[in-house]
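Just below is one structure, and these are the notes that go with it.
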Amino acid sequence: MAQNPAYEMIWQVVAAIPVGKVATYGQVAELAGVPGAARLVGRCLSQLPEGSRLPWFRVINASGRISLPVGSEGYHRQVKLLQEEGVAVLNGKIRLADFRW
DNA sequence: CGGGTGACTATAA
DNA sequence: TTTATAGCCACCC
């Protein structure tokens with residue numbers, strides 16, 4: 001899929017996010033060694049195959065919200081998966097205590 | 001090399 | 001709190 005090292009790093013970082021916690025795109029980018037490339041992270045996740053084991057749902061934007069269109073299938077799935085891990089999602093916002101920061 | 005794009009961000013109004 | 005704007009980075013024509 002990605003021959004590009006940045007993508008592999010991103011996947012590695014996302015896979016390292018602990019269960020029950022979330023991280024922002026910007027933070028993932030930084031930890032992946034490509035600070036400032038938050039958009040790259042989003043691009044990377046958007047291209048993930050559906051059956052991927054990557055915990056993509058643990059990645060949210062800097063506002064503590066899900067970056068998928070509200071009401072979309074992906075949005076709904078992300079909320080469900082997060083709540084199943086104990087991450088509180090109220091009014092579309094992830095509880096601050098669930099962030100890694 | 002130039003221009004458009006996106007699951008982003010920070011800042012200003 | 002919401003909307004605009006302007007940077008951001010890598011990718012793809």
Side-chain angles (χ1 to χ4, degrees):
Chain A
M1 206 148 168
Q3 304 64 32
N4 173 265
Y7 273 46
E8 291 185 27
M9 284 302 292
I10 291 173
W11 291 336
Q12 192 177 309
V13 172
V14 174
I17 301 175
V19 178
K21 292 289 180 180
V22 298
T24 66
Y25 294 94
Q27 185 155 68
V28 170
E30 193 176 332
L31 293 176
V34 285
R39 311 192 67 132
L40 182 65
V41 176
R43 188 186 204 348
C44 180
L45 298 185
S46 71
Q47 292 165 22
L48 282 176
E50 296 209 25
S52 178
R53 299 85 69 206
L54 223 66
W56 56 271
F57 52 85
R58 295 184 190 142
V59 183
I60 61 180
N61 63 38
S63 300
R65 295 161 166 286
I66 289 175
S67 284
L68 289 171
V70 180
S72 69
E73 196 172 320
Y75 179 92
H76 184 267
R77 222 179 327 170
Q78 180 161 20
V79 172
K80 182 183 177 186
L81 289 169
L82 286 175
Q83 290 185 142
E84 289 183 342
E85 293 191 338
V87 175
V89 183
L90 306 175
N91 296 318
K93 306 170 201 167
I94 278 65
R95 207 172 56 195
L96 188 60
D98 291 322
F99 280 59
R100 303 182 72 187
W101 52 18

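Quantities reported herein were computed from a predicted structural model and do not represent experimental measurements. All chains are named by letter (A, B, ...) in the order of the sequence lines, taking the proteins before the strands, and each is independently numbered beginning at 1.
A/I17 and A/M9 sit in two unconnected hydrophobic clusters of ILVMFWY residues. Membership requires side-chain heavy atoms under 4.5 Å apart, directly or through other members. Note on A/V89: it clusters hydrophobically with A/W56, by side-chain heavy-atom contacts below 4.5 Å among ILVMFWY residues.
Across residues 33-44 of chain A, A/A38, A/R39, A/G42 each have a non-hydrogen atom less than 4.0 Å from an atom of DNA chain B (numbered order). Taking a 4.0 Å limit (strictly below) on heavy-atom distances, residues 67-78 of chain A reaches DNA chain B at A/S67, A/L68.
Residues A/Y7 and A/Q47 form a side-chain contact, since some pair of their non-hydrogen atoms from C-beta on lies under 4.5 Å apart. Side-chain atoms of A/Y25 and A/L40, non-hydrogen and from C-beta on, never get closer than 4.5 Å to each other. A/V13 places none of its side-chain heavy atoms less than 4.5 Å from the side chain of A/I10.
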Return all side-chain donor-acceptor pairs below 3.5 angstrom for residues 79-86 of chain A, not counting sequence neighbours, or 'none' if the list is empty.
residue	atom	partner	partner atom	Å
A/E85	OE1	A/G20	N	3.3
A/E85	OE1	A/R58	NE	3.0
A/E85	OE2	A/R58	NE	3.2
A/E85	OE2	A/R58	NH2	2.5

Which side-chain N or O atoms in residues 63-75 of chain A pair as donor and acceptor under 3.5 Å with protein atoms at least two apart or in another chain?
residue	atom	partner	partner atom	Å
A/S67	OG	A/N61	ND2	3.0
A/S72	OG	A/P69	O	2.7
A/S72	OG	A/Y75	N	3.2

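Using modelled atom types, no side-chain atom of A/Q27 and backbone atom of A/V22 make a donor-acceptor pair closer than 3.5 Å.
Across the P atoms, C/dC8 and B/dA12 are found 15 Å apart, a figure rounded to whole Å. One P atom belongs to C/dC9, the other to B/dT11, and the distance between them is 16 Å to the nearest Å.
Applying the salt bridge (charged side-chain N to carboxylate O under 4.0 Å, His left out) test to residues at least two apart or on different chains, the pairs with a partner in residues 44-57 of chain A are A/E50-A/R77.
Here the CD1-CZ distance, from A/I60 to A/F99, works out to 3.0 Å after rounding to the nearest 0.5 Å.
Here the P atom of nucleotide C/dC8 and the CD1 atom of A/I10 are 18 Å apart, to the nearest Å.
A nucleotide of DNA chain B counts as in contact with chain A when one of its atoms lies under 4.0 Å from a heavy atom; the first and last such, 5' to 3', are B/dG6 to B/dA10.
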